[in-house]
Structure formats: structure tokens, C-alpha cells
Amino acid sequence: MNFTLTEKILRDHLVEGSYEPGKEIGIRIDQTLTQDATGTMAYLQFESMGLSKIETELSVSYVDHNTVQVGFENADDHRYLQTIAKKYGIHFSRPGNGICHQVHLERFGRPGKTLLGSDSHTPTCGGLGMIAIGAGGLDVAVAMGGGAYYLTCPKVIKVNLEGKLPDWVTAKDVILKVLNELTTKGNVGCVCEYGGVGARTLTVPERATITNMGAETGVTTSLFASDEETWKFLAAQGRGDQWLPLESDENAEYDRVLDIDLSDLEPLMAAPHSPGRIVPVSDLEGMAVDQVMIGSCTNSSYVDLMTVAGMLKGRRLVPGVSLGVAPGSRQVLQMIAENGTLSDLLAFGARILESACGFCIGNSMSPKTDSVSIRTSNRNFKGRSGTPSANVYLASPTVAAAAALKGEITDPRNLEMEFPRVRMPERFKIDDSMIIPPLPEGERAKISIYRGPNIGAPPANDPMPENLRGRIAIKVEDYVTTDHIMPAGSRLKYRSNVPKYSEFVFEPLDPEFSKRAAELRDQGIHNLIVAGVSYGQGSSREHAALCPMYLGVKAVMAKSIERIHAANLVNFGIVPLTFVSESDYDSLAKDDDVEIPGIRAAIEGDNEVIEAFDKTAGNRVLLKTELSKRQREMLIAGGLLPYTVRKKR
Ligand code: MIC
Ligand code: SF4
């Protein structure tokens with residue numbers, strides 16, 4: 001047979017359905033990861049399933065998002081997560097140990113395995129030749145309990161890399177180039193498989209930068225083969241015995257092939273306010289810069305920071321610029337501390353941040369009003385930095401360091417300096433003392449779970465009504481991200497408190513939404529959302545479905561809905577609907593009363609199209625329900641939890 005690598009790993013894990021692109025399949029999940037911001041809800045849901053332990057080969061609970069701890073809420077959550085991990089056999093990576101994706105790549109990811117993570121950048125570990133997928137916390141909870149994970153059997157895009165990266169041009173420029181080609185929409189249901197002679201020249205951390213930010217194209221995941229480079233990385237992490245060779249068959253067929261010659265690439269940037277707005281750095285040269293932030297799960301590896309330090313050593317930060325550096329993991333931080341590089345960064349004028357998400361999620365280091373901030377992270381949605389008027393440009397560590405040196409956007413190839421060539425170390429520093437391993441099974445019963453006042457049980461949804469009578473509570477434009485629906489940043493600390501967090505639904509777009517929606521809900525009227533293209537881009541946060549559900553939202557009518565968000569909507573009993581004719585978007589207005597008579601029967605009955613009536617405008621609108629049988633049953637039950645409970649009975 002001639003299988004792609006994707007097909008090989010998926011076939012090996014198939015537990016339901018047959019391998020036919022476009023059809024729903026169920027796969028076995030070997031490993032899971034959660035982070036604190038999505039984790040508390042995932043574990044509350046896991047607890048409500050009544051199981052005594054996890055059923056995966058390995059599950060890791062990371063604390064990396066909410067580490068600022070302003071107030072008691074975050075610390076409460078951290079302790080809850082730690083006791084849950086002890087009780088159920090989960091590894092616990094303590095705050096300070098690093099960003100989940102970076103640490104998982106270093107210490108746990110394994111070629112050929114499947115990983116499901118409650119974070120959209122879980123594909124980072126695709127850099128190790130595994131199928132690593134981001135999903136909502138509830139899906140991860142089900143997988144921890146041994147349940148299958150359901151996804152659309154993907155189409156596979158081959159990204160064929162030729163040549164070799166020139167000096168100053170980095171893995172970040174490869175993924176920015178891919179984003180330029182694939183854009184941030186239209187890739188739902190696809191996987192990007194990287195191959196070709198150029199792929200072999202990239203180290204695992206470079207590959208991980210590419211698969212990480214592949215999330216921004218909307219693909220299910222991205223991956224590289226497991227080859228000699230993979231072995232080198234695992235061996236350097238003291239895990240050489242976990243290596244195995246894995247690649248696609250020579251004559252494997254792909255749905256699409258994208259050819260990129262690494263030698264032809266130049267430094268690129270993503271301009272405000274989308275990771276898909278790609279511009280050559282040379283076009284922006286000379287633009288004054290206020291802030292430079294180096295870090296995040298995309299670009300905070302040892303080589304990334306050593307390269308930056310190589311450029312900055314012995315020089316001084318220009319007065320108008322603020323520079324922050326957040327090493328991706330404690331391993332990276334310890335290594336640069338021990339070899340003196342940390343000192344070089346400090347001497348230059350860098351502000352060293354904790355090994356955590358921090359600035360990337362907008363909970364610290366927000367830039368000044370109307371500023372230009374150059375960041376090595378993966379998302380520059382408007383307002384995500386915490387400053388709505390800021391202009392965030394995404395770039396590689398070399399471009400970021402050049403901006404810190406010059407105080408303006410600078411093509412690093414024009415710096416009069418030698419490229420600081422840094423090699424991946426032959427041995428990384430291995431110190432897992434901040435990862436608490438699971439307790440032996442016999443000792444778990446005595447563990448009691450800590451629950452602070454910030455932790456509340458997840459609210460339940462009602463089953464699907466016979467007829468839906470609702471009001472359009474909000475109408476939004478194209479490309480509304482989960483950061484718009486459910487802002488993070490300073491609101492993040494309420495993640496474990498759904499009633500409180502729900503006060504901020506759609507805050508950046510319509511601060512009155514939550515109040516209005518709650519009033520309608522209390523009058524027994526369902527809320528409806530009308531949206532444009534790619535609704536729900538970005539994060540995997542299920543709160544973007546859970547909190548609207550709490551506010552009485554029952555359906556989303558959109559031009560298109562992104563993969564993880566659509567799955568989260570179904571998991572919480574909200575019907576994802578798309579317009580048969582996109583022009584119907586224009587006919588619907590905020591505050592219109594809309595009815596979908598017989599919605600329950602239509603969902604039960606396998607209808608692919610249902611009719612909605614805009615009573616206010618007097619229009620009929622046709623909507624597509626692209627749902628599997630399992631999803632239909634979930635919607636009828638009111639979501640994945642009531643569905644799972646019902647199935648068990
Ligand atoms: C993000 O980068 O947007 C986040 C914060 O990591 C999210 C998860 C979350 O909202 O907790 C993600 O990417 O899934
Ligand atoms: Fe954390 Fe940013 Fe990565 Fe999300 S994208 S996991 S917030 S570092």
C-alpha cells in the first residue's frame with residue numbers, strides 16, 4: 001500500500017468508522033495534555049463521569065496560562081489541578097515548569113502516538129512525528145476516560161520542502177510562508193504533512209515551530225516524519241529508546257502538494273490583526289517599534305533564545321523599546337542560566353518573564369496605546385495583547401531581536417553582523433523535579449480534592465426543544481475569533497467560574513451582550529448568534545461555547561464555523577448551522593425574532609437542511625446541518641455530557 005504518514009498513524013488508532021476522507025472516524029488516544037485555563041473545566045467534567053482513574057497511556061496536566069495569580073482564583077485552580085492529578089494517575093507539571101507544548105515536546109511526545117490536548121497548539125508535538133490534535137476540554141476528558149476521539153477523516157496536504165534555510169531566515173518564516181499560501185480559512189478537515197529533502201534539514205524544535213503555528217491555518221494538525229533528526233532530539237532529551245522511524249510511503253498520494261524551496265525564503269511577518277496577513281520584513285523596514293516580546297509556545301526553544309542572545313550580546317537596548325523574553329520551559333531557562341546567556345540578555349536590557357504563556361495570552365506586558373509590538377508568538381488578533389489599539393506583528397526571533405537592536409523594523413540580513421549559528425545541544429539539561437509523577441494506584445483513594453471558592457460545577461444544558469423560538473442576540477462579522485467571544489487576558493482567572501466568566505461573553509464586540517442575553521434567557525427566549533466566515537477561529541477554549549450556552553444560546557447561524565469551535569458547540573448542545581446561500585447573512589438583523597419549527601425532529605431525522613423563519617423581517621432562510629449521527633444524538637441530549645450519561649444507562 002501507499003499510505004501517507006497521517007493515514008498510517010490514524011489507521012493504527014482507528015476504533016470507529018472506516019478511513020474515508022470527509023467521513024467521521026473515532027480514534028484511540030494514547031496521550032492527553034491539559035493546561036490550567038482549559039483544564040479545570042476538563043477535570044470537573046472528568047470527575048462527573050464517575051471514573052476512578054485515567055485510561056490513557058499518559059496524561060499530563062500543565063499549569064502555564066494563569067500564573068500571574070492576581071487574587072486567589074488562580075492559586076485555587078492550581079491546587080485543585082494538583083490534587084486531581086494525584087487522585088486519578090495524571091502527571092502534574094507545576095507552574096514555572098514551562099509552556100505545555102514546549103514541555104510535552106521535550107519530555108513526553110513520542111513518534112507514532114496520538115495526543116489530544118485541550119489547547120489549539122497541541123499540534124506542536126507533530127514535530128516529533130505524532131498525530132497531535134487540539135480539542136475542547138470535554139473531548140479531552142472523554143479521551144482520558146478511554147473514550148474515542150471523533151474527527152473528520154482528513155484530506156492530506158503535502159508541504160514539500162526543498163533546499164535549506166539561508167542565514168537569518170528561520171522556521172517561523174516557513175510557517176508564515178505556508179500561511180501566506182493556505183491562508184487562515186478553507187483548511188478545515190485537512191492535515192499538513194511536511195516532507196521532502198528540506199524537511200530533513202530542520203531540527204525538531206524548528207519543526208515544532210512550524211506544526212505549532214499550523215493551527216492558524218485551521219488544519220486539524222500538521223506533522224513531520226520521524227527520522228534521524230527526531231532520534232537526535234529524543235536522544236538529547238535522554239529518550240532515545242522512545243524513537244522509531246516513521247515516514248509516508250514513497251508513492252503515497254496527497255490531496256494537494258505545496259512546494260516550498262527553503263533557500264528562496266526571506267524574513268516575513270504577519271501584520272495586524274491576523275496571522276494570515278503576511279508581508280516581507282523588507283516592506284516594513286524603518287517602522288518604529290515600541291515593544292519586542294520573545295517567547296510563547298511557537299518560538300521559545302533553547303536555540304531560539306541562544307540565537308537572540310548571540311545577536312544582542314555586548315549591545316544595549318534602545319531607550320524607546322521595551323524587550324521581554326519568556327523562555328518556553330524551565331529546561332530552556334536553566335540551560336541559558338547555566339551557560340551565562342541569561343546574563344547577556346539581562347545586560348542588554350531584557351526583562352525576563354516566567355516560563356509560561358504570559359504575554360501571549362495578554363495577561364501581562366500589554367503594550368502602550370497605539371503601539372507597535374513585535375512578537376514571536378502565533379496570534380495577533382485585535383486586542384489579544386491586552387491593548388485594543390496596539391498593532392502586533394508576528395515575526396521570527398531574529399527579526400524580533402533586530403527590532404530590539406535598532407528600535408525599528410529591520411531585516412536582520414541588513415544588520416552588519418555575522419549570523420550567530422547555534423546548534424541544537426547534544427544533551428539537554430534533564431531535571432523533571434517540577435513534574436509530579438502519578439501516585440501508585442493503591443495510595444490514591446485517600447487523596448481529597450481541593451476546591452477553592454473559585455471552582456464551580458459546570459452548568460448543564462437542557463435537551464433540544466421541539467421548536468426553537470429565539471432572538472438574534474448578536475450579529476458579528478467575518479473572522480470572529482474565540483478571543484472575541486470569550487476574552488482571556490485579565491478575565492482569564494474566572495475560567496473555573498462559569499456564571500462569572502459569562503459576564504464577559506463578546507465583551508470586545510458588544511459589552512452589553514451578556515446582560516441582554518441573560519435577560520432573554522430568563523424570559524424563556526433562546527438566544528441566537530449570526531456570524532460571518534470562519535466563526536470561532538483560534539483557541540480551543542470551550543468556554544466560547546459553554547458560557548454562551550449558560551446565557552441561553554441555542555444555535556449559531558454562520559457563513560462558516562471553525563473545526564474545534566464547531567465541535568465545542570455540539571458538545572454543549574448548541575446547534576452549528578451554516579447558510580445554504582451566504583447572502584442570507586445580510587437578511588438577518590440583530591434583535592430579529594427567528595423560529596426554527598421542528599428543529600428537534602429535523603436533527604433526529606437526519607435532515608441536511610433546515611428552515612428558519614425570520615418573523616421580524618418575514619424571510620425564510622435555509623441552513624445546513626453538517627452533522628454526524630453521533631453529533632445529532634448529542635444535540636438532542638443537550639450536549640456530550642448528558643449524551644455520555646444517557647449511553648451508559
Ligand atoms: C490561546 O493561545 O489562545 C490559548 C489561550 O492557549 C488557547 C487555550 C485557552 O483559551 O485556554 C488555545 O490556543 O486553545
Ligand atoms: Fe500559551 Fe500562547 Fe501557546 Fe496559547 S499560543 S499555549 S497562550 S504560549
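Residue numbers run from 1 in the order of the sequence given. Order of appearance sets the numbers: ligands from 1, and atoms from 1 within every ligand.
- Annotation: cation-pi pair Arg451/Tyr80 absent, no NZ/CZ under 6.0 Å from the ring centroid and within 45° of its normal.
- Looking at ligand 1, you won't find any N or O of Thr38 less than 3.5 Å from one of its N or O atoms.
- Using a cut-off of 4.0 Å between Lys/Arg side-chain N and Asp/Glu carboxylate O, Lys172 and Asp304 are scored as not salt-bridged.
- Under a 4.0 Å heavy-atom criterion, Arg495 is in contact with ligand 1.
- For ligand 1, the polar-atom distance check against Ser539 finds a nitrogen or oxygen pair separated by under 3.5 Å.
- Interface atoms of ligand 2 facing His101, defined by a heavy-atom separation under 4.0 Å, are 6 (S).
- Atom 10 (O) of ligand 1 has as its closest protein heavy atom Arg541 NE, 2.6 Å.
- Any N or O atom pair closer than 3.5 Å counts here, and Gln35 shares at least one such pair with ligand 1.
- Nearest to atom 6 (S) of ligand 2 by heavy atom, out of Gln35, Arg541, His65, is His65.
- A heavy-atom separation below 4.0 Å is not found between Met486 and ligand 1.
- Distances from atom 1 (Fe) of ligand 2 show that His121 has no N/O/S atom below 2.8 Å.
- Backbone and side-chain nitrogen or oxygen atoms of Asp119 are examined, and one is located within less than 3.5 angstrom of a nitrogen or oxygen of ligand 1.
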